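Here is the structure we will look at, set down as structure tokens.
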Amino acid sequence: MVNPANSSEKPKNFIERIIENDIASGNTPSGVITRFPPEPNGYLHIGHAKSITLNFTLAEKYNGTCHLRFDDTNPAKEELEYIESIKRDISWLGFSWQPHEYYASDYFGLIYDIAEKLIIEGKAYVDSLSAEEIRHYRGTLKEPGRESPDRDRSVDENLRLFREMRDGKHHDGTYVLRAKIDMKSPNLNMRDPTLFRIKKIDHHRTGATWSIYPMYDFTHPLSDAVEHVTHSICTLEFEDHRPLYDWVVENSGLESVPHQYEFSRLNLNYTVMSKRLLLQLVKDGHVAGWDDPRMPTLSGMRRRGYSPEAIRNFVELTGVAKTVGTVDHALLDHCLREDLNLRAKRLMAVLDPVTVIIDNYPDDTVEWFDAENNPEDSSAGTRKIPFSREILIEREDFMEDPPKKYFRLAPGREIRLKHAYYITCTHIVKHNNQILEIHCTYDPESRGGSSPDERKVRGTSHWVSAKHAVDCEIRLYDRLFSAEVPGEKTGNFLDDINPDSIKVIAGCKAENSIISVQPGEYLQFMRTGYFCLDAVDSTPELPVFNRTLPLRDSWEKLKKKMGIS
RNA sequence: UGGCCGAUAGUGUAAUGGUAGCACAGCAGAUUCUGGUUCUGCUUGUGAGGGUUCAAAUCCUUCUCGGCCAGCCA
């Protein structure tokens, strides 16, 4: 065993080991080639980010290339919009496939030719069984299948019928082309799988050229072979397909011999990660679209304020293995905070304002304080923030009758206003039990946030100058589902939608410098959380901010422990 | 009683016959002009039985548990 003390190298995952073995044994004379093969039938989600990151970083690590290939063999489900969103998301993550952008549909002609070759070699046949009959003939998990009556159709007849299928002479469902493998195989994928089916619909790229389309199991290995992919990495549910993958490659007559390897897909608790369910959320209006900030889609996360670096780091941390498991969402949160803490520009915004009047501060004076933009990064510089007699603080930063360990403002207490002065509460004005004004005095000696006598103040509040504050709307997001595994109890994932997954807060007040914030900037509203300008719904009159993630809040924890609501 | 795959702290992932580590979460404390950050310490694990071996998470064996597969989806 290696001494861990002097080997700081990152441990290799099983795919890296395979690749290194292949390189060492000379199996990759033209270099390592991987591919990311999305079907353009939906938006990419964080699960895809794992596959994307794996394939692109593997290629990079071993001086190879990673192809982007759209697996567009089912025109009934695929759309141009999805192709565009997929490319946008991969680029946003920071990966480039240039110039290797391919489409399975580019190979339709070649795939067709290989099908004819298989027919001629007696390895494929045209079957006139209906879909339902094929299902019956296939047998079950425990019982072998039976051979189709058409299995021994002559080569000439097969060829004639297949060409008629191609030429649109038959209706959908009347015939399929099947591989002749083994109806008794314990692996159902090998029981004469369908290679081509008739679909008389236009394809988003090939138009009306084809009335037959190849199946995934036929298309994928051939596409890999054509592109000289060496390591075709997919998720665990394709393990059973590998023998078929190998059969197709072996019988294709193509030189290149790609190999398929499977790893376990990313599962995250408190969310769903299937395109079908995500599509349902969108179509049924449970969310505002594929890019709703609550969606685990990359476009949703981008709009929410996630950084691509945080996502990449997260998927790297989850590792590559074959164990089926579920990653705790807390790890994602951690990666996000870790990244945003270093880069987010600090600003002050008050979500639930209450007025503070500083009685001994002159009414006509405005002071401009220097505030650091990011304590983690001095190169981020400073900005000026205005201070005046009437300011706004967070309503929850004041308590008339505070419990133990409450360090914020209360009658007779002194706190610091971040970057400004120490203030002490003298009295409050209430109406109908609602606090209207908190009256304070300030200590002129504490200018800038510290006093010459170096006395300690336990609390520091964020604030905005009332007459300089800018109105904004703030949207607080929480997890979309309140159950770790949505739908586990009732069988319907919609039952677990979190009713409080979005809270829209109007009447928020932010320091005036937010007017220059651009979409895509990472922000921290001090003591509150990470935010970003909503790129869709913001207007010049009313900026809208999405809360990406709240800050860790140990006071919240303490309150729970002490039984304070 | 079909086939394939898997099983290491609460979660994820290392250790490939030689001291069971790491990260997150949790707990306790320190620091702090953000109850943030940072720092320190702590708790917690090889599914079960049998075997091989000086030595087993690792090899063999039996069992248990979990995942995937019966689309003309990918």
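In what follows, chains are A, B, ... by sequence order, proteins preceding strands, each numbered from 1. Quick caveat: nothing in here was measured; it's all calculated off a predicted structure.
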Over 12 foreign heavy atoms within 6.0 Å of [atom1], [X]:
X: E488(A); atom1: CD; value: no
X: R458(A); atom1: CZ; value: no
X: K200(A); atom1: NZ; value: yes
X: K184(A); atom1: NZ; value: no

Give the rounded distance in Å between these two atoms: [atom1] of [X] and [atom2] of [N].
X: F314(A); N: G12(B); atom1: CZ; atom2: C1'; value: 9 Å
X: Q524(A); N: G35(B); atom1: CD; atom2: C1'; value: 13 Å
X: D217(A); N: C69(B); atom1: CG; atom2: P; value: 13 Å
X: L417(A); N: U34(B); atom1: CG; atom2: P; value: 13 Å
X: D333(A); N: U11(B); atom1: CG; atom2: C1'; value: 13 Å
X: E316(A); N: G12(B); atom1: CD; atom2: C1'; value: 14 Å
X: R69(A); N: A74(B); atom1: CZ; atom2: P; value: 13 Å
X: R242(A); N: C5(B); atom1: CZ; atom2: P; value: 8 Å

Decide yes or no, distance alone: a donor-acceptor N/O pair under 3.5 angstrom between the base of [N] and the side-chain of [X].
X: R346(A); N: U34(B); answer: yes
X: E376(A); N: G36(B); answer: yes
X: R408(A); N: G35(B); answer: yes

From C-beta outward on [X], which listed nucleotide comes closest to its side chain: [options]?
X: E239(A); options: G35(B), C24(B), C5(B); result: C5(B)
X: M215(A); options: A14(B), G71(B), C24(B); result: G71(B)
X: R17(A); options: C68(B), U16(B), G3(B); result: U16(B)
X: D553(A); options: A70(B), G35(B), G3(B); result: G35(B)
X: Y406(A); options: U34(B), G35(B), G12(B); result: G35(B)
X: H334(A); options: C24(B), G36(B), A70(B); result: C24(B)
X: L558(A); options: G35(B), G71(B), A23(B); result: G35(B)
X: P375(A); options: C4(B), U16(B), U34(B); result: U34(B)
X: P11(A); options: A74(B), A14(B), G36(B); result: A14(B)
X: K142(A); options: G2(B), A74(B), G6(B); result: G2(B)

Open item on the list: Using the rule ring pair (Phe, Tyr, Trp, His ring centres under 6.0 Å), only one of Y245(A), Y216(A), Y261(A) pairs with F238(A); which is it?
Closed with: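 Per the ring pair (Phe, Tyr, Trp, His ring centres under 6.0 Å) rule, the option paired with F238(A) is Y216(A), out of Y245(A), Y216(A), Y261(A).
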Task: Qualifying residue for ring pair (Phe, Tyr, Trp, His ring centres under 6.0 Å) with F196(A), from Y125(A), F162(A), Y175(A) - done: F162(A)
Open item on the list: Between G66(B) and C27(B), how many Å separate the two P atoms, rounded to a whole number?
Closed with: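 32 Å, rounded to whole Å.
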Task: Distance between C1' atoms of A28(B) and U43(B) (Å, rounded) - done: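 To the nearest whole Å, 10 Å.
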N or O in side chain of [X] less than 4.0 angstrom from [N] OP1/OP2:
X: K557(A); N: G26(B); answer: yes
X: K199(A); N: C73(B); answer: yes
X: R191(A); N: A70(B); answer: no
X: R552(A); N: U37(B); answer: yes
X: R138(A); N: C72(B); answer: yes
X: T323(A); N: G12(B); answer: no
X: K561(A); N: A28(B); answer: yes

Any base atoms under 4.0 Å from [X], or only sugar-phosphate, or nothing? Heavy atoms, all strands.
X: G173(A); value: base
X: H241(A); value: base
X: L551(A); value: base
X: L129(A); value: base
X: V457(A); value: nothing
X: S554(A); value: sugar-phosphate
X: F238(A); value: base
X: T528(A); value: nothing
X: R416(A); value: base
X: A330(A); value: sugar-phosphate

- [ ] Report yes if the ring of Y216(A) lies under 5.5 Å from the six-membered base ring of A74(B) with planes under 30°, and no otherwise.
- [x] no
- [ ] Give the intermediate values and the outcome of ring-ring contact (aromatic ring centres under 6.0 Å, His included) for residues F108(A) and H203(A).
- [x] CA-CA 11 Å; F108(A) 281 172; H203(A) 184 279; 5.6 Å; yes
Strictly by Watson-Crick or wobble contacts shorter than 3.5 Å, is anything paired with [N], and which nucleotide is it?
N: C42(B); answer: G26(B)
N: G2(B); answer: C69(B)
N: U53(B); answer: none
N: A7(B); answer: U64(B)
N: A14(B); answer: none

Open item on the list: With side-chain hydrogen bond (donor to acceptor under 3.5 Å, both in side chains) as the test, pick out the partner of H462(A) among E394(A), K418(A), E511(A).
Closed with: E394(A)
Open item on the list: Working note: D217(A) + H241(A), criterion side chain to side chain donor-acceptor pair (under 3.5 Å); need CA distance, chi angles, decisive distance, verdict.
Closed with: CA-CA 7 Å; D217(A) 279 318; H241(A) 295 243; 2.8 Å; yes
Task: R146(A) charged N/C atom sitting above Y137(A) aromatic ring, 6.0 Å / 45° - done: yes
Task: Syn or anti conformation of G67(B), syn meaning chi within 90° of 0 - done: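 This nucleotide is in anti.
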- [ ] Please figure out whether H419(A) or T73(A) has its closest RNA chain B nucleotide nearer the 5' end.
- [x] H419(A)
- [ ] Report the residue (D240(A) or V327(A)) whose heavy-atom-nearest nucleotide on RNA chain B is the more 5′ of the two.
- [x] D240(A)
